[in-house]
Protein chains: 2
Amino acid sequence: MKKNKTKEGEIFLQLLKNRGLSFTRQRKIIFEHIIKNHDHFEVKHIIEALQKRKLRVSRATVYRTLAHLEDCRLIRKMDLGHGHSHFEHILGYKHHEHLCCEKCGKIVEFGDSILEKRIKKILELNLFNKTNHNVRILGICKNCQK
Amino acid sequence: MKKNKTKEGEIFLQLLKNRGLSFTRQRKIIFEHIIKNHDHFEVKHIIEALQKRKLRVSRATVYRTLAHLEDCRLIRKMDLGHGHSHFEHILGYKHHEHLCCEKCGKIVEFGDSILEKRIKKILELNLFNKTNHNVRILGICKNCQK
DNA sequence: TTATAAATGAGACTGAGTCTCAATATCATA
DNA sequence: TATGATATTGAGACTCAGTCTCATTTATAA
Ligand SMILES: [Zn+2]
Ligand SMILES: [Zn+2]
Ligand SMILES: [Zn+2]
Ligand SMILES: [Zn+2]
């Protein structure tokens, strides 16, 4: 199996190695597919895209591989209120939060240092881990306001 | 059907009336059960509690009645990251947000005017409705930090 | 009382995600 | 390269929250 030369590839291979796991055909397919696209993505779309390209990988394997990619912090799983998980890349991307429209599902990313500072304070006051958080704001977007 | 004299009762009856709906035995059972308890609650627990008290109401009716109670803003539905909905009373309770532990599910309520102010600003900047939002912060609580 | 419309409950259904387990692939070592 | 121990996979069964359907029951108002 040819090694992947990207930083992401090195990290993934390292995780697999550390755990005594192998870089299988399926893991390579899923990894390479995910690395290409830097948007928020969902499992269903990955499965459909791979099927279209005749790359057969089972649903179970997709879920299992995503969990590994999460473990090595290449991606993070998010709940944006759509009733299923979304994922996004972490490596090389700035920390940000999500604003989601409760009606149409629109997702807006934003980074706001004032908010982040206050969130850290709130986490601290409540004895939560300050450096590990995930904020989701639900609201109603302009289009959905009547 | 005897009328309920609480403020909540009046609001619920008014909503039903406005919609040409009736205050049935089942709606009364569910309403009275929910009004009693001011914590966060989930559908499963309501159904179990009613079963224990031999008050037979179907799952579908519980969901349908909760939707009505939501419509008249007596309760709100929330996603606290447990994989199913939680509800809480609104009427007579101050606006607050939720901090949830991603590992153990612990829920902490907090009100923070600095945060709220900034959230409003963010909603405004992104053309979202300022007065209608719902913030959830996921993190790791003290007990779950190793 | 009766007609009309609303409400209910049982259970089928959906969709995301997990689990099981027999068959297959990987890898270190001989 | 062959071997055996171990990890991996895929098919489909399963779970769980929530929704939907529809035949039957109940409420309401004339
Ligand atoms: Zn919208
Ligand atoms: Zn994002
Ligand atoms: Zn915890
Ligand atoms: Zn609350």
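Lettering of chains follows the sequences in order, A, B, ..., and the numbering in each one begins at 1. For the numbers below, each heavy atom of this structure counts, side chains included, while hydrogens, waters and symmetry mates do not.
Using a 4.0 Å heavy-atom cutoff across all strands shown, Arg27(A) reaches sugar-phosphate atoms only and no base atom. Arg64(B) comes within 4.0 angstrom of a nucleotide base, judged by non-hydrogen atoms across all strands.
Side-chain atoms of Thr24(A) lie closest to dT8(D) of the nucleotides dT8(D), dC19(C), dA6(C). Listed nucleotides dA7(C), dG10(D), dC27(C) differ in distance to Ser22(A); the shortest reach to its side chain belongs to dC27(C). Side-chain atoms of Thr61(B) lie closest to dT8(C) of the nucleotides dT9(D), dA6(C), dT8(C). For Ser85(B), the side-chain atoms get nearest to dG18(D) when compared with the rest of dA7(C), dG9(C), dG18(D).
We find that Asp71(A) and Arg19(A) are joined by a salt bridge, their nearest charged nitrogen and carboxylate oxygen being less than 4.0 Å apart. Salt bridge annotation for Glu124(B)-Lys120(B): absent, with no cationic side-chain nitrogen under 4.0 angstrom from a carboxylate oxygen. For the pair Arg136(B) and Asp79(A), the salt-bridge criterion is met [side-chain N within less than 4.0 Å of a carboxylate O]. Ion pairing between a basic and an acidic side chain is recognised when a charged N comes within 4.0 Å of a carboxylate O; Arg76(B) and Glu70(B) show no such pairing.
The interatomic distance linking Phe23(A) (CZ) with dA25(C) (C1') rounds to 15 Å, in whole Å. Put simply, CG on Asp79(B) is 12 Å from C1' on dA17(D), counting in whole angstrom units. Across the protein-nucleic acid pair, Arg59(B) atom CZ and dA12(C) atom P stand 11 Å apart, rounded to whole Å. Residue His45(A) contributes atom NE2, which lies 13 Å from atom C1' of dG15(C) at whole-angstrom precision. Here dG17(C) presents its C1' atom at 10 Å from CZ of Phe87(A), a figure rounded to the nearest Å. Here the C1' atom of nucleotide dG17(C) and the CD atom of Glu42(A) are 14 Å apart, to the nearest Å. Between the P atom of dT8(D) and the NE2 atom of His68(A) lies a distance of 6 Å, rounded to the nearest Å.
A donor and an acceptor atom never sit less than 3.5 Å apart when one is taken from the side chain of Arg56(A) and the other from the base of dG10(D).
Within the structure, every side-chain polar atom (N or O) of Gln26(B) is placed at least 4.0 Å from both OP1 and OP2 of dT26(D).
Nearest-nucleotide assignment on DNA chain D puts the 5′-proximal partner with His86(B), out of His86(B) and Leu21(B).
Side-chain contact check for His133(A) and Glu102(B): no donor-acceptor pair (N or O, by modelled atom type) lies under 3.5 Å.
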